[in-house]
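Following: one structure in structure tokens, then a few remarks.
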Amino acid sequence: MEPTAKLVSEGPSGLLQSDELYNYVLMTSVYPREAEILKELRDAIANHPQSYFATAPDGGQFIALLLKLLNAKKTIEVGVFTGYSLLLTALTIPQDGKIISIDVDREAYEFGLQFIKKANVEHKIDFVESQALPVLTKLLENTLNNLILLLFCVSAKSESSFDFAFVDADRANLMMQNYHERLLRLVRVGGVIMYDNTLWGGTVALADPSSAHPMRQFAWKDTIEFNKMIAGDPRVDISQVALGDGMTICRRIY
């Protein structure tokens with residue numbers, strides 16, 4: 001039998017099948033515990049033409065819980081946009097924690113920077129305007145220039161020194177695999193790498209993407225291939241959850 005799936009909307013219901021159910025989750029469990037500054041940022045980007053790039057608040061709540069369970073202090077974020085998940089992470093990790101955040105879009109980051117400053121957590125964040133792969137590679141090679149080393153407070157040995165990484169960028173399968181290989185070396189054993197958008201609006205269950213929203217068609221095959229790769233990777237424990245646009249949590253085993 002060919003796989004079938006009910007197409008979900010591109011609206012606020014996310015992967016759940018009704019706005020009413022999703023709103024129940026938000027109103028009951030998420031919004032009452034959401035920090036006021038996160039709500040302010042979420043409201044500010046609501047009318048942004050690319051607001052769908054932002055981490056879903058239910059997914060953000062899950063990230064915060066994981067960070068606390070890990071006692072995370074040093075993290076990496078690939079793909080920042082206006083910084084909802086970045087601000088959430090900065091609010092969650094200790095005062096002396098550090099986040100290396102990487103994105104090519106400084107303008108979007110600076111839109112959210114006012115909220116980061118208002119929350120007094122800017123000192124935890126080192127933003128790098130760049131494609132992610134060169135930065136991850138340099139962290140592994142320990143060849144970042146002295147200025148970046150000072151900014152990041154990177155030790156002489158970057159490998160296996162991070163507790164958590166969140167990837168919300170570049171759906172291309174080869175690029176995601178390259179991120180995965182580098183992050184597996186940067187994140188410590190027992191640390192966690194989380195990938196966003198791994199259910200791609202529910203379209204991964206379709207036999208072909210022709211009936212999906214055009215925005216969902218371009219990375220449909222890459223998302224499926226990436227999910228297969230992660231599922232077959234013996235170096236990580238995994239769990240794929242229907243939060244936001246689908247999230248895959250990988251715990252490094254060795």
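Because the structure is predicted, anything quoted here is derived from the model rather than measured.
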Closest approach of Pro94 to Ala72 (non-hydrogen atoms, all atoms of both residues): CD-O, 3.3 Å

task: May I ask you to check whether over 12 heavy atoms, not counting those of Asn47, lie within 6.0 Å of atom CG?
output: no

query: Taking atom CD of Gln114 and atom CD1 of Ile37, what is their separation to the nearest 0.5 Å?
result: 8.5 Å

task: Please check if atom OH in Tyr52 has more than 12 non-hydrogen atoms from other residues, nucleotides or ligands closer than 6.0 Å.
output: yes

task: Kindly say whether Phe81 contributes a backbone atom to a donor-acceptor pair with the side chain of Asp103 at under 3.5 angstrom?
output: yes

message: How long is the straight-line distance from CD1 of Ile45 back to OG1 of Thr82, given to the nearest 0.5 Å?
response: 3.5 Å

field: Check: Ser210/Gln217 side-chain N/O donor and acceptor closer than 3.5 Å
entry: no

- request: Grab the two heavy atoms, one from Ser101 and one from Leu86, that are nearest each other, plus how far apart they are.
  value: CB-CD1, 3.8 Å

query: Passes side chain to side chain contact (heavy atoms under 4.5 Å, CB included), Ile76 versus Leu186? Steps please.
result: CA-CA 9 Å; Ile76 300 174; Leu186 288 165; 4.0 Å; yes

- prompt: Taking only residues at least two apart or on different chains, which pairs with a member in residues 89-109 satisfy ring-ring contact (aromatic ring centres under 6.0 Å, His included)?
  reply: Tyr109-Phe127

message: Once rounded to the nearest 0.5 Å, what's the spacing between atom CZ of Phe226 and atom CG of Asp170?
response: 11.5 Å

message: Per the salt bridge (charged side-chain N to carboxylate O under 4.0 Å, His left out) rule, what does the pair list look like for residues 186-215, sequence neighbours excluded?
response: Asp163-Arg188

message: Once rounded to the nearest 0.5 Å, what's the spacing between atom CG of Asn178 and atom CG of Leu133?
response: 5.0 Å

query: Sequence neighbours excluded, which residues qualify as side-chain hydrogen bond (donor to acceptor under 3.5 Å, both in side chains) partners of Asp43?
result: Lys39

task: Determine, stepwise, if the pair Tyr179 / Leu136 fulfils side chain to side chain contact (heavy atoms under 4.5 Å, CB included).
output: CA-CA 8 Å; Tyr179 292 163; Leu136 298 178; 3.9 Å; yes

- prompt: Do Gln61 side-chain atoms and Ser29 backbone N/O form a donor-acceptor pair below 3.5 Å?
  reply: yes

message: Let me confirm one number: the OG1-CZ distance from Thr137 to Arg185, rounded to the nearest 0.5 Å.
response: 9.0 Å

- prompt: Any chain of hydrophobic side-chain contacts (each under 4.5 Å) joining Met27 to Val30?
  reply: yes

message: Could you see if Ile253 belongs to whatever hydrophobic cluster contains Ile230? Use Ile, Leu, Val, Met, Phe, Trp, Tyr and a side-chain cutoff under 4.5 Å.
response: no

Atom of Gly190, atom of Leu70 and distance for their closest heavy-atom approach: O-CD2, 3.6 Å

query: Would Asp168 and Tyr195 count as having a side-chain donor-acceptor pair, cut-off 3.5 Å?
result: no

Option passing side-chain contact (heavy atoms from CB on, under 4.5 Å) with Trp200 (candidates Asp222, Leu206, Thr223, Asn227): Thr223

- prompt: Are Tyr254 and Val187 co-members of a hydrophobic cluster defined by side-chain heavy atoms under 4.5 Å apart?
  reply: no

Contacts under 3.5 angstrom, residues 232-250 side chains, donor-acceptor by atom type, not counting sequence neighbours:
{"unit_1": "Asp233", "atom_1": "OD1", "unit_2": "Arg235", "atom_2": "N", "d": "2.9"}
{"unit_1": "Asp233", "atom_1": "OD1", "unit_2": "Arg235", "atom_2": "NE", "d": "2.9"}
{"unit_1": "Asp233", "atom_1": "OD2", "unit_2": "His180", "atom_2": "NE2", "d": "2.8"}
{"unit_1": "Asp233", "atom_1": "OD2", "unit_2": "Arg235", "atom_2": "NE", "d": "3.4"}
{"unit_1": "Asp233", "atom_1": "OD2", "unit_2": "Arg235", "atom_2": "NH2", "d": "2.9"}
{"unit_1": "Arg235", "atom_1": "NH1", "unit_2": "Glu181", "atom_2": "OE1", "d": "3.0"}
{"unit_1": "Arg235", "atom_1": "NH2", "unit_2": "Glu181", "atom_2": "OE2", "d": "2.7"}
{"unit_1": "Asp237", "atom_1": "OD2", "unit_2": "Arg251", "atom_2": "NH1", "d": "3.1"}
{"unit_1": "Gln240", "atom_1": "NE2", "unit_2": "Thr198", "atom_2": "O", "d": "3.3"}
{"unit_1": "Gln240", "atom_1": "NE2", "unit_2": "Thr198", "atom_2": "OG1", "d": "3.2"}
{"unit_1": "Gln240", "atom_1": "NE2", "unit_2": "Thr248", "atom_2": "OG1", "d": "3.4"}
{"unit_1": "Asp245", "atom_1": "OD1", "unit_2": "Gly201", "atom_2": "N", "d": "2.6"}
{"unit_1": "Asp245", "atom_1": "OD1", "unit_2": "Arg216", "atom_2": "NH1", "d": "3.4"}
{"unit_1": "Asp245", "atom_1": "OD1", "unit_2": "Arg216", "atom_2": "NH2", "d": "3.2"}
{"unit_1": "Asp245", "atom_1": "OD2", "unit_2": "Asn197", "atom_2": "ND2", "d": "2.9"}
{"unit_1": "Asp245", "atom_1": "OD2", "unit_2": "Arg216", "atom_2": "NH1", "d": "2.8"}
{"unit_1": "Thr248", "atom_1": "OG1", "unit_2": "Thr198", "atom_2": "OG1", "d": "2.9"}

query: Excluding sequence neighbours, so at least two apart, what forms side-chain hydrogen bond (donor to acceptor under 3.5 Å, both in side chains) with His123?
result: Gln95

Shared hydrophobic cluster, Val189 / Ile193 (ILVMFWY, side-chain heavy atoms < 4.5 Å): no

- request: Could you go through the side chain to side chain contact (heavy atoms under 4.5 Å, CB included) check for Ile102 and Glu77 one step at a time?
  value: CA-CA 6 Å; Ile102 311 164; Glu77 184 155 336; over 6 Å; no

message: Please identify which of these residues, Leu38, Leu26, Val25, Leu88, meets the side-chain contact (heavy atoms from CB on, under 4.5 Å) condition with Pro57.
response: Leu26

- prompt: Has the side chain of Lys98 got a donor or acceptor atom that lies under 3.5 Å from a matching backbone atom of Lys124?
  reply: no

- line: For Gly112 and Leu41, the nearest pair of non-hydrogen atoms, with its separation, is CA-CD1, 4.1 Å

field: Closest approach of Ala90 to Ile125 (non-hydrogen atoms, all atoms of both residues)
entry: CB-CD1, 4.0 Å

query: Passes side chain to side chain contact (heavy atoms under 4.5 Å, CB included), His48 versus Phe53? Steps please.
result: CA-CA 10 Å; His48 192 287; Phe53 282 175; over 6 Å; no

field: salt bridge (Lys or Arg N to Asp or Glu O under 4.0 Å) involving Lys68 - partner list, sequence neighbours excluded
entry: none

task: On the 0 to 90° scale, with breaks at 30° and 60°, tag the Phe164-Phe166 ring pair as parallel, tilted or perpendicular.
output: parallel

- request: Given salt bridge (charged side-chain N to carboxylate O under 4.0 Å, His left out), test Arg106 with Glu110 step by step and report yes or no.
  value: CA-CA 6 Å; Arg106 177 173 290 276; Glu110 290 183 348; 3.8 Å; yes

statement: Value for CD (Glu122) from CG (Leu87), rounded to nearest 0.5 Å, stands at 11.5 Å

- line: Taking every heavy atom of Val204 against every heavy atom of Trp220, the minimum-distance pair comes out as CA-NE1, 4.2 Å

- request: Give a yes or no on whether Val104 and Met176 share a hydrophobic cluster (residues Ile, Leu, Val, Met, Phe, Trp, Tyr; joining criterion: side-chain heavy atoms under 4.5 Å apart).
  value: no

